[in-house]
Structures are given as C-alpha cells and as structure tokens.
Amino acid sequence: MREERISDAELIERLHKCLAGERVVVVTESARYPARVQHVGATGLKVIPEPALEGSHGAPGDLEGHMVSFGDVESVELDGVRYLREG
C-alpha cells in the first residue's frame, strides 16, 4: 500500500468522503487503535474499533460505535492509499 502525507484540511476532506467500513487509525490521549468507519458526521466520525469487530458474529448493526473528532484521526485508507496526517 502506498502512503501519502497530506495536510489536516486534506485529511478532513477525504474523511468527509468515507463510506461505512473504511479503515482509519484513531489516536487519543489514552489510546491508538485501528477502526472502521460506521458513519461520517459534520464534526467527526462514528467508528467501531477493529478489536471489537474480531469477536463479532452478529448481524450488521449489532455493534454500536463511538464518536471521535476529525482531529483524532491519524490516517485513512482509501483506494489502496494510506493518507497520513502531516506532522
């Protein structure tokens, strides 16, 4: 997978175009984890951490995600490219 460093504004623009299931890496003060997009909102994303998905065998929609701000997203993978926040 190719990696490309982009500005915060470009990363947010790409996040607004995400569909459910796209992979992101979330970084907060207490954790860093890969997650899948459940929903894109005006100020952030609703994500499901990948470790929670590993044990799930239920129907779609059984897992409830949590909201993270766009600023908490370190990278997003789209069309074979990993877009990383500059810095």
| field | Set of salt bridge (Lys or Arg N to Asp or Glu O under 4.0 Å) partners for Arg5, sequence neighbours left out | value | none
| task | Taking atom NE2 of His16 as the centre, report whether more than 12 heavy atoms of other residues, nucleotides or ligands fall under 6.0 Å from it. | result | yes
| said: When you measure from the side chain of Arg85 to the backbone of Val73, do you find a donor-acceptor pair of N or O atoms at a distance under 3.5 Å? | reply: yes
| request: Report yes or no: does Glu74 contribute a side-chain atom to a donor-acceptor pair with the main-chain N or O of Val27 at less than 3.5 Å? | output: no
| query | So, Glu10 and Arg14, do they make that salt bridge, N to O below 4.0 Å? | reply | no
| message | Ignoring hydrogens, what is the shortest heavy-atom contact between Ile48 and Gly65? Give both atom names and the distance. | response | CG1-CA, 3.8 Å
| With a 4.5 Å heavy-atom cut-off, do Arg82 and Glu4 have their side chains touching? | no
| Side chains of Glu86 and Asp8: closer than 4.5 Å at any heavy-atom pair? | no
| Mind checking whether Arg36 and Glu50 have side chains closer than 4.5 Å, heavy atoms only? | yes
| remark: Here the pair of heavy atoms bringing Gly44 nearest to Phe70 is N-CE1, 3.5 Å
| remark: Looking only at heavy atoms, the pair that brings Gly80 and Met1 closest together is O-CG, 3.3 Å
| message | What I'd like to find out is whether the side chain of Leu15 reaches to under 4.5 Å of the side chain of Val40, using heavy atoms alone. | response | no
| query | Is there a side-chain contact between Met67 and Leu45 (heavy atoms, below 4.5 Å)? | reply | no
